[in-house]
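Reviewing the structure listed below.
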Amino acid sequence: MPELAEVEFYRKQWQCGWRQKILAVELHPHARLLRGADTKALRRTLTGAVLLSSEAHGKQMFFRFSRNGWLGLHLGMTGKLRAEPPGHAAGQHDHLVLRQRRQSLVFTDPRQFGRVRFHAGDTTPPWRANLPAPILSNQFTRSAMERFLRRHGRMALKAVLLMQDGFPGVGNWMADEILWRAGIHPARPSARVEATEAKKLFREVRFVCREALRTVGADFGDPPAAWLFHRRWRHGGVCPRDGSALLRAQIGGRTTCWCGSCQK
DNA sequence: TACAATGTTTTAAG
DNA sequence: CCTTAAAACATTGT
């Protein structure tokens, strides 16, 4: 489920716990989403620690604690963060629960494609270093984007937009939305994007990220009514721009939706 | 039933 | 070492 804006929304669900102590940590040590994490150290360090702040980067979230503790969370396909009352009984898929006096912070994920990472130490966690330029930052430039497209020039543009090293936070629906706005066919090899199109693509990548954050990211609201988003899964969905039937196929390993007349 | 689901990671081939 | 494509991961809903 979660892409850039949904991740930002879920990150904020734990903000009510900032500057408050973790009284207890509940987790299933063998849960798949804890793979590779030192769960003993996680429990030892975070029990009694204070949740200080958090940040989102693409689809990743970083939570900072006192005692130099860090959690890195990824929601995978079905992960969610939410705050529940202090006495909340953990459900079957509530794999990590941080108990605080006033609420319980819950990470739930039925499919367990998500991930929990833990790090303690003076230095920033290795998984928080060397991150790609955020799309809405000044470091995300058109020339850097074009370099990335050329580097993966034989891949379908749809598949390249899904690569987190180049477009952190973009997922399946955002990629389709971007390509629909830019008027480019999702299967077009990246190297065959012309200069004018690249300029348009760059603008639309940033626009979709900004608007998604403003709508979905703020309160899990709907994206603007005229977006492809609202038609893409509907049987018999039509292009919001010209009314022609939307097409669907596997491109870049994912179900892709596009308008055959707007996107060439 | 069988298939597909807003995502990575691993594996294998070129 | 680099790029690309496909399978694997686990669960739920249609």
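Between the side chain of A/R203 and the backbone N or O of A/A182, no donor-acceptor pair lies under 3.5 Å. Between the A/H230 side chain and the A/P224 main chain, a donor and an acceptor come within less than 3.5 Å of each other. For A/Q164 (side chain) and A/V170 (main-chain N/O), a donor-acceptor pair under 3.5 Å exists by modelled atom type. At distances below 3.5 Å, not a single donor-acceptor pair connects side-chain atoms of A/E146 with backbone N or O atoms of A/A198. Between the A/H185 side chain and the A/A187 main chain, a donor and an acceptor come within less than 3.5 Å of each other.
When distances are taken from the side chain of A/W233 to each of B/dT9, B/dA5, B/dT8, the shortest belongs to B/dA5.
If you check the side chains of A/R64 and A/S53, you find no donor sitting under 3.5 Å from an acceptor. Side-chain contact, A/N68 with A/H119: no donor N or O sits under 3.5 Å from an acceptor N or O. For A/T45 and A/R67, the side-chain atoms include no donor-acceptor pair closer than 3.5 Å.
With A/W258 as the aromatic partner, A/R232 does not meet the cation-pi criteria of under 6.0 angstrom to the ring centre and within 45 degrees of the ring axis.
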Can you name the atoms? Protein N/O to nucleotides 10-13 of chain C N/O, anything below 3.5 Å, with the distance.
unit_1, atom_1, unit_2, atom_2, d
C/dA10, O4', A/R111, O, 3.1
C/dA10, N1, A/R111, NE, 2.9
C/dA10, N1, A/R111, NH2, 2.6
C/dA10, N3, A/R111, NE, 3.2
C/dT12, OP1, A/H93, NE2, 2.8

Within the sub-3.5 Å range, which N or O atoms of nucleotides 6-8 of chain C have a protein N or O partner, and how far apart are they?
none

Pairs under 3.5 angstrom, nitrogen or oxygen only, protein versus nucleotides 1-3 of chain C, please.
unit_1, atom_1, unit_2, atom_2, d
C/dT3, OP1, A/R151, NE, 2.8
C/dT3, OP2, A/R151, NH2, 3.4

Restricting both atoms to N or O, compile the protein contacts to nucleotides 11-14 of chain B shorter than 3.5 Å, with distance only.
none

Item to check | A/T47/A/R43 under side chain to side chain donor-acceptor pair (under 3.5 Å): CA gap, chis, key distance, verdict | outcome: CA-CA 6 Å; A/T47 303; A/R43 196 193 301 274; over 6 Å; no
Checklist entry - Could you walk me through whether A/Q103 and A/Q20 pass the side chain to side chain donor-acceptor pair (under 3.5 Å) check? => result CA-CA 10 Å; A/Q103 63 272 316; A/Q20 296 168 47; 2.9 Å; yes
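One can place CG of A/L162 at 11 Å from C1' of B/dT8, the figure rounded to the nearest angstrom. At whole-Å resolution of the value, CG in A/L75 and P in B/dT8 are 10 Å apart. For the pair A/E177 CD and B/dT6 C1', the interatomic distance rounds to 12 Å; values are reported in whole Å.
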Checklist entry - Where does DNA chain B pair, written as one dot-bracket string 5' to 3', with Watson-Crick or G-U pairs under 3.5 Å, ( ) inside the strand, [ ] for crossing pairs and | for another strand? => result .||||.||||||||
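Under the 30°/60° scheme for interplanar angles, the aromatic rings of A/W14 and A/F63 are found to be tilted. In this pair, A/F9 and A/F220 present their aromatic rings perpendicular. The plane angle is above 60°, beyond the 30 to 60° band. In this pair, A/W227 and A/F207 present their aromatic rings tilted. The plane angle is within the 30 to 60° band.
Remark: A/R115 is in phosphate contact with B/dT9, judged by side-chain N or O atoms under 4.0 Å from OP1 or OP2. Remark: A/H74 is not in phosphate contact with B/dG7, judged by side-chain N or O atoms under 4.0 Å from OP1 or OP2.
To the nearest whole angstrom, the two P atoms, one in B/dT11 and one in C/dA10, are 14 Å apart. Going from the P atom of C/dA7 to that of B/dC3 covers 13 Å, rounded to whole Å. Here the separation of C/dA6 from B/dA4, taken at their P atoms, is 15 Å to the nearest Å.
Between A/W70 and A/F118, the distance from one ring center to the other does not fall under 6.0 angstrom.
By the ring pair (Phe, Tyr, Trp, His ring centres under 6.0 Å) test, A/F65 is found to be paired with no residue, residues two or more places apart in sequence or in another chain being considered.
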